[in-house]
Participant: 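Structure incoming, see below.
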Amino acid sequence: MAKRRSISIVPPPWRPASVLDKWVEREARPISLRQLTFFGRLLTDTRLLGSANYVRLELPTRIAHRIRDMQTLPYAALVNPHINHVYDLYYSAFETLRKVPEIKTLKDNDKFCDIVREQLRDHLSVIPRLAMGVLEISEAIPSDQCDKLVNSLLRSRISRRVIAEQHCALTKAYHSPDHLPPAAKLHPEHGDDFVGEIFLRCNAKEIVQECADTIGNLAKQAYGPDVLLPEVIIEGADDIFFPYIPSHLEYIIGELLRNSFQATVERHGSKPPPIEVLICEAAQHVIIRVSDQGGGIDRENLPNLWSFSKGPERNRRLRNLEQVPKLAATLQDLKVPETESPNQKHDGKQTRFDHSLGSLSGRHPDLRLGIGLPMSRIFAEYWAGSLEVHNLEGYGVDAFLQISKLGNKNETLSTRTSMDA
Ligand code: COI
């Protein structure tokens, strides 16, 4: 009878470098909004292929780093079904993307865009899965470790989706019948205020107003049509334009307003005081302050404000979810097309309104994962901005959002934890 081989569960002290190890050794190459814009404005075959090959190498590199982070989790956390689902998704994306050979022709690039779009769709369940998984493993691992992990997973996810979507959008624009020569594309009369996903003329007041309208509608659905909603008073500079990805700003402002609406309506009922939004401009930043009189944050919830793994609101909401929703965290997530191919006919022109508010209005009014605030801070910091909340206990909250308006800062790929708050 053949002898049974014993299986060692202790890894040998030496082992040949795995494929993953080799990718983990590569550094990610961060990029700024300005670089993305200039690159996209002067599109030629060579530049488009350059962009394709940047994305081809960058996506598996960035995913490999996160897979390695997940591998350091305690066993109890990694076998959690939600965390495991995300791990498998990442591994399969890594395997698919790392095998894409160098992109040498526009046809290769079209095929690559099909793969990327499929990945973008497959990963729509990542955020709700993570939110639920983290809650379930929060007893197995320390909450600061948990928060650090989620922070880096989400930040990296934003970064991958930005470069992937930007490349797909540029490819689509390049294939469009009225693709204009670079000089013409710079002219605002042509409606080319978009370069891929980047809107060159973001206006804070316009975005706040649209978010306020959308959140007001969501509040009506949640509380009933007779609810008395607070007025949103917007003051300050209304003529500041800056390059930004609108869905990122909409996510943050939408979440801040949603918190303010909820707190104000629930505290004041029939006579809700206004929510005041002040917009001001500094040399390098646009600052947006959202002030409400919703009673502020309870002292006991304050330490967990930025935590993904703790907080009563999260627990209450997530434990009641029976199915994992396919939550689009941003509008970009929502608009990943189902079947479109990059060389499909398209008029090539985008307007601000093609991009408006799907992320907020597309969701069920009560589909909240309770991670809006920490997620908003990740979005704010991603393009070198910041988000702070000042609590006036018993009175209300002042949230300060700072946006870098020059577009010259690299994406922020490193993480911070709730402990740094
Ligand atoms: C994600 O959404 O998490 C991704 O990594 C998408 C990317 C593979 C295109």
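Nothing here was measured: the structure is a model prediction, and the numbers come from that model. Read the numbers this way: they start at 1 and go in the same order the structure lists the ligands and their atoms.
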Participant: For atom 8 (C) of ligand 1, what is the closest protein heavy atom, and at what distance to 0.1 Å?
Facilitator: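 Atom 8 (C) of ligand 1 sits closest to the protein heavy atom Q119 CB, 3.8 Å.
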
Participant: If we ignore hydrogens and angles and just use 3.5 Å, is the side chain of N301 paired with the main-chain N or O of I297 as donor and acceptor?
Facilitator: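 No; judged by distance alone, with no hydrogens or angles, the pair does not exist.
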
Participant: Among all protein heavy atoms, pick the one closest to atom 5 (O) of ligand 1 and tell me residue, atom and distance.
Facilitator: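 Here the nearest protein heavy atom works out to R160 NE, 2.5 Å.
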
Participant: What's the shortest distance from atom 9 (C) of ligand 1 to any protein heavy atom, and which residue and atom give it?
Facilitator: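 Answer for atom 9 (C) of ligand 1: L120 CD2, 3.7 Å.
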
Participant: Counting C-beta onward and ignoring hydrogens, is there a side-chain heavy-atom pair between L20 and Y91 closer than 4.5 Å?
Facilitator: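 Sidechains of Y91 and L20: in contact.
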
Participant: Taking only heavy atoms of R157 into account, list the atoms of ligand 1 that are under 4.0 Å away from them.
Facilitator: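 In order of numbering, the contacting atoms are 1 (C), 2 (O), 3 (O).
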
Participant: Roughly how far apart are L153 CG and F308 CZ, rounded to 0.5 Å?
Facilitator: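 It comes to 10.0 Å.
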
Participant: Parallel, tilted or perpendicular: which one describes the rings of F94 and W23, with boundaries at 30° and 60°?
Facilitator: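 F94 and W23: perpendicular rings.
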
Participant: Is it true that Y90 and H123 have ring centroids separated by less than 6.0 Å?
Facilitator: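 Yes - the distance between ring centres of Y90 and H123 falls below the 6.0 Å cut-off.
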
Participant: Could you check which of E165, R161, R121 puts a non-hydrogen atom nearest to atom 2 (O) of ligand 1?
Facilitator: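 The residue whose heavy atom sits nearest atom 2 (O) of ligand 1 is R161.
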
Participant: Give the atoms of ligand 1, by number and element, whose distance to some non-hydrogen atom of H123 is under 4.0 Å.
Facilitator: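 Those atoms are 1 (C), 2 (O), 3 (O), 4 (C), 5 (O).
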
